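Below: one structure, written as structure tokens.
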Amino acid sequence: MFLRLRQLCLVAYDLEPVVEDLKAVFDIEVCHRDPAVAKYGLHNALLPMGNSFVEIVAPTKDKTAAGRYLDRRKGDGGYMVILDTDELDRWQKHVDAIGVRVAARLTSEGYRGLQLHPRDTGGTLLEINWSDGGADVNAAYHPAGAGWNTYVRTTVVKAIVGAELQSDRPERLAAKWSEILRKPARQIDAEWRVDVDNASLRFVSARDDRGEGLSGIDLQVTERPRVWDVARGRGLAVTDGSVLIGGVRFNPIEAKR
């Protein structure tokens, strides 16, 4: 039974500036815009980074859940961590057994998902899904649209290798996610980690007053200076080697040659 990081979602007041910054800094392309999210008062864009995805959603009307989240966390930022597996029914039984509620069950052609209740998970919205492509990371993945892999560009970004979640009590949040994901939590220096098959979920002390949430994304890149130069040229903040886009710190880690 595999469990891998497949998609990270950001939420923004204004969609296109975040999309354009991601495209320019990381030389990536939009593979899909899902018209189905309109029923939630949203529009979106998905961009592949290797065989995983960054999605950005933004409200198109007032009084949406995403809009309330933006207000609560004081602006653009991380919104959701999405993992995929080949054994969704086993995860359903597991979360039931530990008392974690399912806030929404998602069903589309070749795709099913469990969106877990944020009051039971903490940190951010957590979703576990199944696609009929199984372990094949290049197979169809419904949220990314048809033919998503024809849009993959790896000149700058090779893969998403981690996600950072901030909290005033990172050790407690890591313990909760460890229980939910059935993976051990381990402390490395000042942070806690829970590893899935292809990435590390890092739990760190909050660096600002925005509360718990998805605060960073770790990327394996070919050339960090290029990322920093393009980001600075677009007026984006580069601090301690991280680029701030859409309220999230993108942390480039140079691939070993």
Side-chain angles (χ1 to χ4, degrees), residues 5 7-19 21-22 34 36-47 53-83 95 99-106 113-129 143 162-177 179-181 191-192 194 201-218 236-237 239 242-251:
L5 180 61
Q7 185 176 330
L8 294 165
C9 182
L10 281 59
V11 61
Y13 283 115
D14 193 358
L15 178 67
E16 295 306 328
V18 179
V19 171
D21 283 339
L22 288 170
D34 186 358
V37 302
K39 65 183 177 182
Y40 303 111
L42 303 173
H43 57 161
N44 79 334
L46 270 88
L47 302 95
F53 305 88
V54 169
E55 178 186 14
I56 309 95
V57 300
T60 56
K61 60 184 181 181
D62 295 335
K63 298 181 179 179
T64 63
R68 290 191 293 272
Y69 192 85
L70 280 164
D71 293 341
R72 184 165 67 252
R73 296 208 67 232
K74 304 177 183 180
D76 296 0
Y79 191 37
M80 188 179 299
V81 173
I82 300 174
L83 310 175
V95 297
V100 172
R101 292 167 290 174
V102 175
R105 288 176 172 82
L106 312 173
L114 301 173
Q115 196 173 99
L116 305 183
H117 201 296
R119 290 190 178 179
D120 295 341
T121 65
T124 191
L125 290 166
L126 173 60
E127 180 182 316
I128 301 174
N129 68 40
E164 175 191 281
L165 292 96
Q166 72 169 27
S167 171
D168 290 335
R169 295 284 302 277
E171 71 285 354
R172 184 170 63 181
L173 185 59
K176 171 54 70 175
W177 281 50
E179 179 187 28
I180 294 170
L181 301 180
E191 67 183 32
W192 289 80
V194 175
L201 304 177
R202 301 187 295 106
F203 300 83
V204 303
S205 295
R207 305 182 190 183
D208 51 43
D209 63 351
R210 301 184 66 189
E212 282 191 350
L214 173 62
S215 52
I217 297 175
D218 301 335
L236 298 170
T239 305
S242 298
V243 179
L244 189 67
I245 302 176
V248 170
R249 289 183 291 273
F250 285 80
N251 307 308

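This one's a predicted model, so the numbers in the text were calculated from it and none came from an experiment.
A donor-acceptor distance shorter than 3.5 angstrom exists from the side chain of Arg73 to the backbone of Glu212, with no hydrogens or angles considered. Counting only distance, with no hydrogens or angles, the side chain of Arg210 and the backbone of Gly75 share a donor-acceptor pair below 3.5 Å. Using modelled atom types, no side-chain atom of Gln115 and backbone atom of Leu106 make a donor-acceptor pair closer than 3.5 Å. For Gln7 (side chain) and Leu83 (main-chain N/O), no donor-acceptor pair under 3.5 Å exists by modelled atom type. Using modelled atom types, one side-chain atom of Thr60 and one backbone atom of Gly41 make a donor-acceptor pair closer than 3.5 Å.
Between Leu10 and Val54, the closest side-chain pair of non-hydrogen atoms falls below 4.5 Å. With contacts defined as side-chain heavy-atom distances shorter than 4.5 Å, the pair Pro170/Val204 does not qualify. Considering only heavy atoms from C-beta on, Arg249 comes within 4.5 Å of Arg207 through its side chain. Between Leu22 and Ile245 the shortest side-chain heavy-atom distance falls below 4.5 Å. At least one side-chain heavy atom of Trp177 sits less than 4.5 Å from a side-chain heavy atom of Val81.
Summarising the geometry, atom CG belonging to Asn129 is positioned 14.5 Å from atom CZ belonging to Arg105; distances are rounded to the nearest 0.5 Å. With rounding to the nearest 0.5 Å, the separation of CZ in Arg101 from CG in Leu116 is 11.0 Å. To the nearest 0.5 Å, atom OG of residue Ser215 and atom CG of residue Leu244 are 10.5 Å apart. Between Gln166 atom CD and Phe203 atom CZ the span is 12.5 Å, to the nearest 0.5 Å.
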Kindly indicate, with the supporting measurements, whether the criterion side chain to side chain contact (heavy atoms under 4.5 Å, CB included) is fulfilled by Val37 and Val57.
-> CA-CA 9 Å; Val37 302; Val57 300; 5.6 Å; no

Does the pair Trp192 and Leu173 meet the rule for a side chain to side chain contact (heavy atoms under 4.5 Å, CB included), with working shown?
-> CA-CA 9 Å; Trp192 289 80; Leu173 185 59; over 6 Å; no

Walk me through it: do Lys176 and Leu126 pass the test side chain to side chain contact (heavy atoms under 4.5 Å, CB included)?
-> CA-CA 12 Å; Lys176 171 54 70 175; Leu126 173 60; over 6 Å; no

So Glu55 and Met80, side chain to side chain contact (heavy atoms under 4.5 Å, CB included) or not? Walk me through it.
-> CA-CA 9 Å; Glu55 178 186 14; Met80 188 179 299; 6.0 Å; no

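The shortest non-hydrogen separation linking Ala45 to Val19 is CB-CG2, 3.8 Å. Taking each heavy atom of Asp120 and Gly99 in turn, the nearest pair found is OD2-O, 3.8 Å. Ala206 approaches Asp168 most closely through the heavy-atom pair CB-OD1, 3.5 Å. Residue Leu214 comes nearest to Tyr79 through the heavy atom pair CD2-N, 4.0 Å, listed as atom of the first residue, atom of the second, then distance. Between Ala66 and Leu42, the shortest heavy-atom contact is CB-CD2, 3.5 Å. When all heavy atoms of Thr124 and Leu165 are compared, the closest pair comes out as CG2-CD2, 3.6 Å.
Checking Val11, Asn44, Leu47 one by one against Ile56, the side chain to side chain contact (heavy atoms under 4.5 Å, CB included) holds for a single residue, Leu47.
When the shell of 6.0 Å around OH of Tyr13 is examined, it contains more than 12 heavy atoms from other residues, nucleotides or ligands. No more than 12 heavy-atom neighbours from other residues, nucleotides or ligands sit within 6.0 angstrom of CG on Asp62.
Between Asp208 and Lys74 no salt bridge is recorded (no basic side-chain N to carboxylate O distance below 4.0 Å).
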